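Proteins come first, then strands; the chains are lettered A, B, ... in the order of their sequence lines, and each starts at number 1. Because the structure is predicted, anything quoted here is derived from the model rather than measured.
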Amino acid sequence: MLDLKFVRENPEIVRQAMALKGEAGDLDGLLARDAKRRDLLKEVEALKQTRNRVSREIGKAGADSDASRLQKDEMREVSTRIKDLDDQLRLIDAAMEMILLSLPNIPDAVVPHGKDESANVEVRSWGEPSKFTFTPLAHWDIGANLDIIDFPRAGKITGSRFAVYYGAGARLERALISFMLDLHTTEHGYREVFPPFLVNAASMTGTGQLPKFADDAFRVEGTDLYLVPTAEVPVTNLHRDEILEAEQLPIYYAAYSACFRAEAGAHGRDTRGLIRQHQFNKVELVKFVLPETSDEELEKLTGDAEKVLQLLELPYRVMLMCSGDLGFAPAKKYDIEVWLPAADTYREISSCSNFTDFQARRAGIRYRPGVGKKALFVHTLNGSGVAVGRTVAAILENYQQEDGSVMIPKVLRSYFHGHDRITVSGSESG
RNA sequence: GGAGAGAUGGCCGAGUGGUCGAAGGCGGUCGCCUGCUAAGCGAUUAAGCGGGUACAAGCCUGCUUCGAGGGUUCAAAUCCCUCUCUCUCCGCCA
């Protein structure tokens, strides 16, 4: 959410941001209501002042005095008028809140302008796309051949865009979660969090999923609860409506969660394989930082996510998202894209964003810069560190051998009792 | 699921209709004192939204806020209703 005062004073900046991000919103309606609201506020506050003063006088004079009786009659009318104005204000406030929640964050100055992903800018790459002496298979074929990933039965027991993992496949998923958490907590200074996988509407609003993107989330029928689309939601909301001490910052959290996404509007895209599932695992990195440090914190966060892929020896590149591909809440975002040989392309495996104070204002996350100082909004950041299912896909494809087996990345072998490959029997061997 | 108790400032905790934005304590800050430390003394210390003044820090001022929402009343932390959460006991349960 943007600061109302900022919107009032910089409507053109907001308008430009909306155009750059391709977001619609009733900015003019907001500004008109804002002016109206302040007029009403002045009127009702003057009336309340009168009522408060007279009520005090009644209290002093005694409620049964003649003067008090007269004043009570007067105040009855004043109170009616106040109630009427308060009702109007409530309606305007609610309308303004809805509009304000629909306005996107302002893109950072370094964000390239552009409509879609074609305008994203590659900032660096690591490793070379894997070379094969044979035609590399897609991960869904490898998974089926090794009998470690089962899409047909997932379709039977649940539906499309779900997967069942067996044996070494299940172990690989679990090993990756542990490996990522171990890395971030021991090497990068994050505190591990294991959050609930269901959150309430206030949390979804705090991080920006609601009200605009309700169709993307699974809601539990008959309740106010949503399946988390990412651990970002519960973890960022840990500090909702809190005032943190400046010395506590920065706060780093690393959280594993299953993630649930309805994938509204994604019909027909990535229908095969692990790339786009309704349920997937992810280790998420979340930071609460001082505003002046959020730029460099985004660089560090992105580096922390890259480290995962470097240790797994998976080739990747880092893209700076252009305005049109940036999304609603971030001011700046890097996507890390891993090399997928079968598709002969890079695919997103992590998204690292600086939300500046956009989420913090929605969620009421502040810090006190010093004793007696006014509380200010923190800056929040998060990034995948990294998406587990897509990492499995990348490992299967990049580490596949001509005989159909898949080598296990060196850093994961301790999770496989030292075995170095997954063989056709569906178990690990060495 | 049933019964009961509760939710007050950074924290603890008083407060059953007006003198309450709220006693007291802890913690924080400033000052004094004590030749270190500790203790002691004094002062100060909630947030949001407006208005005024100022280059600004700030100062002055109005309104709102005692879990959330609604109601009664001239007036609500205080009375009534609904909801949420916490605790205790009972039931059920991986």
Side-chain angles (χ1 to χ4, degrees), chain A residues 1-9 30-101 194-206 210 219-220 222-226 234 237-249 251 258 288 292 357 360-378:
Chain A
M1 184 160 63
L2 298 173
D3 181 20
L4 177 59
K5 214 172 287 178
F6 175 84
V7 178
R8 186 187 297 151
E9 288 163 9
L30 178 70
L31 295 171
R33 285 182 176 85
D34 180 46
K36 171 83 173 158
R37 173 179 171 274
R38 280 192 288 172
D39 288 343
L40 284 172
L41 207 53
K42 267 182 217 168
E43 189 181 349
V44 74
E45 286 190 356
L47 289 172
K48 284 180 177 174
Q49 185 180 4
T50 304
R51 185 178 68 181
N52 287 343
R53 177 175 50 76
V54 173
S55 289
R56 263 194 303 273
E57 287 169 11
I58 294 174
K60 280 205 190 91
D64 290 329
S65 73
D66 289 342
S68 294
R69 252 186 283 276
L70 276 174
Q71 285 174 315
K72 281 193 203 175
D73 289 340
E74 262 179 72
M75 286 310 105
R76 239 186 297 276
E77 282 174 43
V78 170
S79 277
T80 307
R81 178 71 182 142
I82 288 174
K83 193 168 288 185
D84 177 49
L85 290 173
D86 270 343
D87 285 344
Q88 291 185 47
L89 271 172
R90 235 191 309 279
L91 286 175
I92 288 181
D93 280 342
M96 287 175 66
E97 173 90 355
M98 281 307 289
I99 296 172
L100 217 42
L101 286 174
F194 190 79
F197 292 178
L198 289 169
V199 294
N200 56 33
S203 294
M204 292 285 278
T205 305
L210 291 181
R219 179 175 184 174
V220 181
T223 72
D224 180 40
L225 299 178
Y226 295 80
N237 278 283
L238 285 175
H239 296 298
R240 169 149 53 87
D241 295 325
E242 290 186 10
I243 299 176
L244 304 165
E245 297 303 328
E247 308 85 65
Q248 288 177 263
L249 302 174
I251 296 172
F288 302 82
E292 57 270 25
D357 61 359
R361 183 171 292 107
R362 291 170 83 104
I365 308 168
R366 293 176 294 172
Y367 75 102
R368 205 172 292 284
V371 176
K373 292 284 199 317
K374 208 166 123 77
L376 302 173
F377 290 109
V378 303

*So, are A:R81 and A:D84 salt-bridged, with charged N and O less than 4.0 Å apart?*
yes
*Does the B:rG50 base have a donor-acceptor partner in the side chain of A:E45 within less than 3.5 Å?*
no
*asked:* Roughly how many Å apart are B:rC63 and B:rG28, using the C1' atom of each and rounding to a whole number?
replied: 29 Å
*P atom, B:rU78 versus B:rG67: distance in rounded Å?*
8 Å
*So what does A:R53 hit on the nucleic acid, given a heavy-atom distance under 4.0 Å: a base, only sugar-phosphate, or nothing?*
nothing
*asked:* Contact list please: residues 33-41 of chain A against RNA chain B, heavy atoms, distance less than 4.0 Å, in numerical order.
replied: A:R37, A:R38, A:L41
*Please report the shortest heavy-atom distance between A:R362 and A:L210, naming the atom on each side.*
NH2-O, 2.7 Å
_Whole angstrom value for the distance that separates P of B:rA47 from OH of A:Y367_ = 15 Å
*asked:* Quick check on side chain to side chain contact (heavy atoms under 4.5 Å, CB included): which of A:L30, A:L91, A:L101 does A:M96 satisfy it with?
replied: A:L30
*asked:* Taking B:rG15 as the reference, what is the distance to B:rA22 when you measure between their C1' atoms (whole Å, please)?
replied: 8 Å
*Distance in angstrom units between A:M96 CE and B:rG50 C1', rounded*: 13 Å
_Using the C1' atom as the point on both nucleotides, what is the distance between B:rC12 and B:rU19, in whole Å?_
26 Å
*asked:* List the residues meeting salt bridge (Lys or Arg N to Asp or Glu O under 4.0 Å) with A:R56, not counting sequence neighbours, and say none if there are none.
replied: none
*With sequence neighbours left out, write down each residue that passes salt bridge (Lys or Arg N to Asp or Glu O under 4.0 Å) with A:D34, or none if nothing qualifies.*
A:R8, A:R38
*Toss me the dot-bracket line for RNA chain B: Watson-Crick and G-U wobble, both under 3.5 Å, 5' to 3', using | for pairs to another strand and [ ] for crossers.*
((((((((.[[[..)..(.....]]]((((((.......))))))((((((((....)))))))).[[[[[..)....]]]]])))))))....
*A:D86 CG to B:rC49 P: how many Å, rounded?*
18 Å
*Please state how far atom NZ in A:K48 lies from atom C1' in B:rG51, giving the value in whole angstrom units.*
16 Å
*Who passes side-chain contact (heavy atoms from CB on, under 4.5 Å) against A:E45, sequence neighbours left out?*
A:L41
*C1' atoms of B:rU16 and B:rA75, separation to the nearest Å*: 15 Å
*What does nucleotides 66-76 of chain B look like as a protein-contact string, B for base, S for sugar-phosphate only, - for none, at under 4.0 angstrom between heavy atoms?*
----S-S-BS-
*State which residues pass side-chain contact (heavy atoms from CB on, under 4.5 Å) with A:R240; sequence neighbours excluded, sorted by chain then number.*
A:N200, A:A202, A:S203, A:N237, A:A363
_Length of the CD-P vector between A:E43 and B:rC49, whole Å_ = 22 Å
_Using the salt bridge (Lys or Arg N to Asp or Glu O under 4.0 Å) criterion, which residues pair with A:E74? Sequence neighbours excluded._
none
_Results of salt bridge (Lys or Arg N to Asp or Glu O under 4.0 Å) for A:R51 - residues two or more places apart only_ = none
*Answer yes or no: does atom CD of A:E77 have more than 12 heavy-atom neighbours from other residues, nucleotides or ligands under 6.0 Å?*
no
*Between B:rG9 and B:rG48, how far is it from one C1' atom to the other, in whole Å?*
14 Å
*Which residues pass the side-chain contact (heavy atoms from CB on, under 4.5 Å) test with A:K36, sequence neighbours left out?*
A:L40, A:I92
*Interatomic distance at C1', B:rU8 relative to B:rU65, whole Å*: 12 Å
*asked:* Can you list everything that forms a side-chain contact (heavy atoms from CB on, under 4.5 Å) with A:L238? Sequence neighbours excluded, please.
replied: A:V193, A:V235, A:Y253
*Once you round it to whole Å, what is the distance between P of B:rU65 and CG of A:L89?*
13 Å
_Going by side-chain hydrogen bond (donor to acceptor under 3.5 Å, both in side chains), name the residues that satisfy it together with A:S68, two or more places apart in sequence or in a different chain._
A:S65
*Can you check the A:E97 CD to B:rG48 C1' distance for me, whole Å?*
13 Å
*Contact class for A:R81 vs. all strands (heavy atom < 4.0 Å): base, sugar-phosphate, or nothing?*
nothing
_B:rU72 versus B:rC80 - spacing of their P atoms, nearest Å_ = 15 Å
